[in-house]
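This report refers to the structure that appears directly beneath it.
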Amino acid sequence: MPASTVSLETASLCVVDATGRIVREAKVASETEALIDWFCNLGFAVTRIGLEAGPLSQWLYAGMRDAGLMVELLETRHVRAAFKVMPVKTDRKDARGIAQLMRLGWFRPVHCKSLPAQEVRALLTVRKLLQTKNHDVEMSLRGVLRGFGLKVGPTTPRTFEGRVCELIAGHPTLSVVAEALLAARATLFAEWQKLEKRLRSLAREDRRVRLLMTAPGVGTIVALPTPRQSTIPLASGLPRPWARISA
């Protein structure tokens, strides 16, 4: 029963037999090719491989699955709960512990999202980041001007820049500060709108998303990720409904 704990640079590996005896241990690069090569050159067949969920796990899991390895993605909180009594935690000891969990069947497999679902999630995450930073820049500029008694007041995205330029007229230093922040805001806004356009395009191409968007209050951001994570395979192989809607 092999197991692996993965960090950014290296992965600690441990293989145990049916009695729990450690057969092989190693530390290899956190790359799909390195892991596949190590498992394929063990000299004996492995029943299943345990991989703790983490930042690199989805990518490694997909590559190992494609190579024909019997790998399971383990729920992190369940693994951590099993290791609470461990006095000293290291990657090597974690790998040994996960190997024993795999041998005994004391693990909870988790669903690994498909590549299209991961791509949509990345788009949504970066879109939200740009939207937040755009708002932060606006609020920072309002705060700077307020310190000089200049109140921007209610504006729209289109009228904000004009209102700021009106207030800073005749203030050379404030003009330098405002121009820098307005330029940053313009760039953030432009890139944010590019992602919005891309997301709307993806929504138009998916019949399921268009159907979801017919519901009141459901737009692109809510509807787009839902069909891609609507079913999760159970241990029996049967799908189950996935009720969570996230944006």
Side-chain angles (χ1 to χ4, degrees), residues 1-119 121-122 125 228-244 246:
M1 298 289 180
S4 171
T5 59
V6 179
S7 64
L8 185 62
E9 299 295 334
T10 60
S12 294
L13 308 173
C14 178
V15 181
V16 299
D17 60 18
T19 64
R21 183 177 62 88
I22 296 175
V23 177
R24 194 78 56 84
E25 286 185 299
K27 181 171 285 191
V28 302
S30 295
E31 301 288 342
T32 52
E33 295 82 3
L35 290 169
I36 292 169
D37 182 68
W38 191 84
F39 282 115
C40 290
N41 288 286
L42 282 174
F44 51 84
V46 295
T47 306
R48 57 190 175 194
I49 303 167
L51 180 64
E52 185 179 2
L56 292 176
S57 298
Q58 293 186 345
W59 169 60
L60 295 175
Y61 174 88
M64 294 168 72
R65 274 285 187 182
D66 291 343
L69 297 175
M70 298 299 294
V71 58
E72 296 280 0
L73 200 58
L74 308 187
E75 205 273 327
T76 303
R77 288 173 295 179
H78 187 258
V79 173
R80 293 304 174 207
F83 294 167
K84 279 184 178 178
V85 296
M86 189 181 294
V88 179
K89 284 183 56 59
T90 63
D91 287 345
R92 183 181 183 184
K93 288 187 175 182
D94 281 354
R96 289 179 176 181
I98 292 174
Q100 298 297 342
L101 292 178
M102 296 296 296
R103 179 178 71 88
L104 298 170
W106 295 350
F107 65 92
R108 183 179 301 165
V110 296
H111 173 65
C112 183
K113 292 182 180 179
S114 64
L115 181 58
Q118 293 180 49
E119 290 174 346
R121 175 56 57 190
T125 300
R228 290 166 173 78
Q229 55 188 23
S230 58
T231 58
I232 297 178
L234 294 170
S236 63
L238 297 176
R240 68 181 178 190
W242 184 240
R244 191 187 75 156
S246 58

Ile98 vs Cys14 side-chain heavy atoms within contact, under 4.5 Å: no
Which atom of Ile22 lies closest to which atom of Arg96, heavy atoms considered: CD1-NE, 3.5 Å
With a 4.5 Å cut-off on side-chain heavy atoms, are Val28 and Phe39 touching? no
Would you say that Arg65 contacts Val71 through its side chain, given a criterion of any heavy-atom pair below 4.5 Å between the two side chains? yes
Sequence neighbours left out, what passes side chain to side chain contact (heavy atoms under 4.5 Å, CB included) with Glu119? Give chain and number order. Leu115
What pair of heavy atoms forms the shortest contact from Ser57 to Glu52, and how long is it? OG-O, 2.6 Å
With Val16, which of Gln100, Arg24, Arg21 fulfils side-chain contact (heavy atoms from CB on, under 4.5 Å)? Gln100
Under a 3.5 Å cutoff, is there a donor and acceptor pairing between the side chains of Gln118 and Arg121? no
On a heavy-atom basis, the closest approach of Ser30 and Trp59 is O-CZ3, 3.6 Å
Min side-chain heavy-atom separation Leu74-Met102 under 4.5 Å: yes
With sequence neighbours left out, write down each residue that passes side chain to side chain donor-acceptor pair (under 3.5 Å) with Thr19, or none if nothing qualifies. Asp17
So CG of Leu69 and CG of Leu60: to nearest 0.5 Å the spacing works out to 11.5 Å
Listed by chain and number, what are the side chain to side chain contact (heavy atoms under 4.5 Å, CB included) partners of Ala29, not counting sequence neighbours? Glu31, Ala34
If you round to the nearest 0.5 Å, how far is CG of Asp37 from CG of Leu42? 10.0 Å
Of all heavy-atom pairs between Leu35 and Ala11, which one has the smallest distance, and what is that distance? CD2-CB, 4.1 Å
What are the two closest non-hydrogen atoms of Gly63 and Thr32, and how far apart are they? CA-CG2, 4.2 Å
